[in-house]
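The structure appears below as structure tokens.
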2 protein chains.
Amino acid sequence: MDRQECESLLMRHGVKSTPNRVIVAEALSEAREPVSLSELEEKIVSIDKSGIFRTLALFRGHHLVHVIDDGSGSARYELCHSEDEHDDDDQHLHFYCEVCRRTFCLSEVPVPEISVPQGYEVTSTNFVLHGICPECSRK
Amino acid sequence: MDRQECESLLMRHGVKSTPNRVIVAEALSEAREPVSLSELEEKIVSIDKSGIFRTLALFRGHHLVHVIDDGSGSARYELCHSEDEHDDDDQHLHFYCEVCRRTFCLSEVPVPEISVPQGYEVTSTNFVLHGICPECSRK
DNA sequence: TGCATTTTGCAACCGTGTTGCATGAAGTTA
DNA sequence: TAACTTCATGCAACACGGTTGCAAAATGCA
């Protein structure tokens with residue numbers, strides 16, 4: 001996703017475009033896997049971590065990114081694929097490799113239907129499988 | 001679970017019984033919901049947090065407790081129900097209430113079967129639903 | 001009893017995440 | 001353009017959970 005596409009993405013989600021925000025959006029779109037705040041810090045040396053943090057918080061509020069807690073101790077962010085600002089349903093399962101400590105999106109695997117007991121109201125889900133990824137188990 | 005039951009639980013899992021460990025095991029068994037390290041600190045004033053931490057790490061290594069990451073920023077621990085030291089399959093879904101910030105065990109809900117893509121080896125799962133619990137949504 | 005080993009408490013530390021504050025940029029009005 | 005307001009940003013400091021080093025205390029054993 002190039003600069004212009006990122007800018008229009010921001011607009012569509014009601015986020016005012018600034019140079020920093022475009023940089024963060026580009027970095028997110030370039031990442032194949034969900035990225036942590038510290039990984040973004042490494043990647044984007046021109047912006048202070050508080051700026052990246054605040055940008056991510058803003059993005060989150062506008063449903064531009066969602067957060068995955070893979071148990072690694074730091075949250076990971078990825079761009080929402082859905083264009084609908086209020087649709088959080090582009091969720092999918094994630095796989096955390098305990099060897100290489102990377103988090104994979106299991107896009108192919110359908111998200112299981114869960115029927116919760118009466119009274120519980122579900123707003124989002126966080127399904128993470130832990131184990132060893134193909135690359136690491138081959139060794 | 002009283003002191004003696006806790007002691008025998010430790011033994012069965014190959015953990016040497018000490019006064020502190022029994023105290024931690026009792027606290028865990030008394031908790032209805034998975035508890036965090038800081039909650040244990042509050043509950044057990046007689047033991048330093050490093051001691052509680054090390055005890056939990058020991059318990060984890062002997063499959064006496066398992067860890068749930070509910071996204072609240074701190075891990076939560078609960079006693080394994082399975083007696084088999086090598087059986088981690090007493091896992092169940094958890095529900096994190098965003099209002100009261102408590103974590104519930106959804107014991108009744110079956111854990112969904114996930115068929116992962118070829119090559120991935122799953123060792124454990126962490127399925128957490130976020131939303132509003134019956135108690136909070138009633139208000 | 002003396003010795004080796006384990007357990008524990010204390011204090012310090014690390015990293016992620018978060019906030020206060022002052023500066024700086026951008027937009028608005030006259 | 002100048003004066004003003006609003007928003008975005010960088011810097012530094014902080015909060016917190018988690019973790020470790022180390023020395024003292026407790027335990028087990030010869």
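The sequence lines fix the lettering, A, B, ..., with proteins before strands; numbering per chain opens at 1.
Residue contacts for Ala57(B): at a heavy-atom cut-off of 4.0 Å it reaches no nucleic acid atom on any strand shown. Across all strands shown, Ser50(B) has heavy atoms under 4.0 Å from base atoms, whether or not it also approaches the sugar-phosphate.
Between Leu58(A) atom CG and dT18(C) atom C1' the separation is 16 Å, expressed in whole Å. Put simply, CZ on Phe53(B) is 13 Å from P on dG17(D), counting in whole angstrom units. Nucleotide dT6(D) holds its C1' atom 8 Å from the NZ atom of Lys16(A), rounded to whole Å. To the nearest angstrom, P of dT16(C) lies 13 Å from CD1 of Ile52(A). One atom, CG of Leu56(A), and another, C1' of dT16(C), lie 13 Å apart when rounded to the nearest Å. Summarising the geometry, the separation between CZ on Arg101(A) and P on dG15(C) is reported as 14 Å, rounded to the nearest angstrom.
Distance check, rounded to the nearest 0.5 Å: CG of Asp70(B) to CG of Asp69(A) gives 8.5 Å.
Taking 4.0 Å as the cut-off between side-chain N and carboxylate O, Arg76(B) and Glu33(B) do not count as a salt-bridged pair.
Nearest-nucleotide mapping onto DNA chain C: of Thr55(B) and Ala75(A), the residue sitting toward the 5' end is Thr55(B). Each of Asp48(A) and Arg54(B) was assigned the nucleotide of DNA chain D with the nearest heavy atom; the assignment lying further toward the 5' end belongs to Asp48(A).
Under the 4.5 Å side-chain contact rule for hydrophobic residues, Ile68(A) and Ile68(B) do not share a cluster.
OP1 or OP2 of dT7(C) sits under 4.0 Å from a side-chain N or O of Arg21(B). Under 4.0 angstrom from either OP1 or OP2 of dA26(D) there lies no side-chain N or O belonging to Asn20(B). For Thr18(A), a side-chain nitrogen or oxygen approaches OP1 or OP2 of dT9(D) to under 4.0 Å.
Residues from residues 23-47 of chain A that place a heavy atom under 4.0 Å from any atom of DNA chain D, listed by number: Ser46(A), Ile47(A).
Proximity of His94(A) to Tyr96(A): side-chain heavy atoms (C-beta onward) are nowhere separated by under 4.5 Å. Residues Ile114(B) and Leu129(A) form a side-chain contact, since some pair of their non-hydrogen atoms from C-beta on lies under 4.5 Å apart. Counting heavy atoms from C-beta outward, Thr103(B) and Ser72(B) have side chains that stay 4.5 Å or more apart.
Remark: of the listed residues Leu9(A), Val67(A), Val15(A), Val15(A) is the sole one forming a side chain to side chain contact (heavy atoms under 4.5 Å, CB included) with Phe59(A).
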